[in-house]
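Have a look at the structure below, then the notes.
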Amino acid sequence: MVQIRLTNTRTKRKEDLAPIDPENVRLYLCGPTVYDRAHLGNARPVLVFDVLVRLLRHAYGADHVTYVRNFTDVDDKINAEAQRRRAAGSDLSLEALIDERTAETIGWYHADMDALGAARPDHEPHATQYIAEMIAMNADLIAKGHAYEAEGHVLFDVRSFPEYGKLSGRSVDDMIAGARVEVAPFKRDPMDFVLWKPSSDDLPGWDSPWGRGRPGWHIECSAMSAALLGTHFDIHGGGIDLQFPHHENEIAQSCCAHPGEGFANIWLHNEMLQVEGKKMSKSLGNFFTVRDLLDKGIPGEVIRFVMLSTHYRKPMDWTEAKAADAEAVLRRWHGLVAGIEPATSPAPSVIAALADDLNSAGAIAALHELAAKGDGPGLLASARMLGLLLPELAGWAQADDAASVQIEALLAARLEARKARDFARADAIRDGFAAAGVEVKDTPTGPEWSLATGFDAARLADLAKAHGA
Ligand code: AMP
Ligand code: ZN
């Protein structure tokens with residue numbers, strides 16, 4: 001079996017993955033807060049984990065992986081949107097408006113991530129379904145001396161956990177010096193963070209030993225991962241922006257509530273999708289959504305290809321040039337695998353690249369080599385490890401099936417003409433390709449073609465007819 005190695009941000013080393021139970025490899029990805037459409041940056045962890053899950057299912061068996069990704073549906077931004085709708089005249093209750101908002105956002109999220117070919121996780125818990133578990137965990141943390149109640153809040157006592165700060169590599173004192181922390185008079189230490197907070201009557205709330213209130217964000221993931229994956233599991237991930245404070249706080253909560261269990265063995269963090277050197281984010285306003293790109297006619301498979309062309313631990317930009325290149329490559333590959341069955345297993349070169357810290361860029365380079373060799377079955381089986389050339393995403397390139405048959409026939413006719421020294425005909429085919437927007441490159445391994453932006457299917461069909469192709 002292939003040995004998978006991953007960079008563990010907790011130890012800052014590339015490590016062998018050694019599953020706790022190879023019969024059930026377990027991983028958790030922090031999911032979206034469902035108040036609005038996902039921006040392109042939000043898709044990055046989803047795609048990275050999608051490739052990781054495909055690789056794990058290949059290595060350990062399709063039924064031996066459990067993948068959990070949550071929906072955070074308790075959040076002040078969701079509440080604000082519901083309150084805005086009520087102020088705008090809706091007569092639904094606040095709860096109903098919140099349900100409406102989260103349900104529609106989850107629907108968008110599913111549609112957008114499906115369009116990128118990201119398989120749904122095995123479990124997609126909603127925070128609101130695990131309030132009882134969060135309350136129990138908070139009570140346990142209080143009982144164990146790691147949390148305290150103050151003015152309707154429950155706070156985690158960071159000084160009670162000497163390891164606090166280890167993941168992000170900073171001490172509590174450094175954090176206080178460097179961070180803009182909310183200084184509330186009821187906190188024992190400025191870095192203490194909220195496990196539970198009180199809700200006023202116009203906000204959603206649940207009854208608890210500390211009065212009516214709602215959970216803090218970090219406790220959600222600790223409670224849901226424990227409920228669905230147990231207190232010790234293999235991989236926990238998210239964007240690097242979650243390392244501090246979110247993941248630091250998750251570790252503090254889970255390790256203090258379940259001492260000696262270990263929580264997650266490997267922490268996997270993706271770098272940021274950037275816009276002009278800055279993290280794409282809602283709050284900076286420098287974002288576009290996955291849906292914006294899909295609506296512009298950029299196929300989900302093309303978006304996926306671009307996102308996987310950069311290693312997950314490197315920052316990356318989205319550019320139109322990258323999308324155009326990806327589209328040309330994918331069109332060529334779709335042409336190469338049309339009507340072909342995949343090989344029984346993916347190419348070792350592709351698996352080796354992915355097993356080496358999910359080197360998706362290296363895996364794509366290996367796919368190019370398979371394509372250059374004309375190995376359609378190998379290309380098809382291997383591309384699917386990256387969620388590319390999947391039948392469900394191929395729709396946009398399908399219109400090309402007729403075109404690719406015509407192009408291949410015309411290339412054969414051109415070869416015949418050259419062999420017969422009928423250069424006038426060979427040149428006519430070449431000029432016809434150019435006029436129809438088909439780019440042909442002659443390479444040592446044979447001609448490679450792609451469709452240019454102004455591709456004209458009708459002209460190509462005429463050309464094929466004119467040459468009996
Ligand atoms: P949020 O809804 O902001 O918690 O983000 C959901 C997921 O998207 C988290 O895993 C974040 O780390 C990730 N994320 C947010 N912005 C970016 C970005 N610009 N690039 C990559 N990942 C991001
Ligand atoms: Zn989380």
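Here the structure is a predicted model, which is why all the values come from computation and not from measurement. Both counts, for ligands and for their atoms, begin at 1 and track the order of listing.
- Using a 4.0 Å cut-off between charged side-chain N and carboxylate O, Asp356 and Lys14 make a salt bridge.
- Atom 9 (C) of ligand 1 has Leu242 CD1, 3.7 Å as its closest protein atom, hydrogens excluded (heavy atom only).
- In summary, the aromatic rings of His334 and Trp396 are positioned with their centroids under 6.0 Å apart.
- Among the atoms of Cys30, an N, O or S atom falls under 2.8 Å of the Zn ion (ligand 2).
- No heavy atom of His269 sits closer than 4.0 Å to any atom of ligand 1.
- At a threshold of 4.0 Å, the pair Arg57-Asp122 counts as salt-bridged, since one of the basic side-chain nitrogens sits closer than that to a carboxylate oxygen.
- In terms of distance to the Zn ion (ligand 2), the nearest N, O or S atom of Glu250 is named OE2.
- Taking distance alone, with nitrogen or oxygen atoms compared against 3.5 Å, Gly31 stays at or beyond that limit from ligand 1.
- Aromatic rings from Tyr148 and Phe156 are positioned such that their centres are separated by 6.0 Å or more.
- The Zn ion (ligand 2) has an N, O or S atom of His246 inside 2.8 Å of it.
- At least one heavy atom of Glu271 lies less than 4.0 angstrom from ligand 1.
- Close N/O approach between Leu273 and ligand 1 is found [any backbone or side-chain N/O within under 3.5 Å].
- In terms of heavy-atom proximity, Ile303 sits nearest to Leu294 at CD1-CD2, 3.9 Å.
- The pair Arg331-Glu327 meets the salt-bridge criterion, with a side-chain N (NZ, NE, NH1 or NH2) lying under 4.0 Å from an Asp/Glu carboxylate O.
- Ligand 1 lies out of reach of Ser281, whose nearest heavy atom is not under 4.0 Å from it.
- Among protein heavy atoms, the minimum distance from atom 5 (O) of ligand 1 is reached at Asn42 ND2, 3.3 Å.
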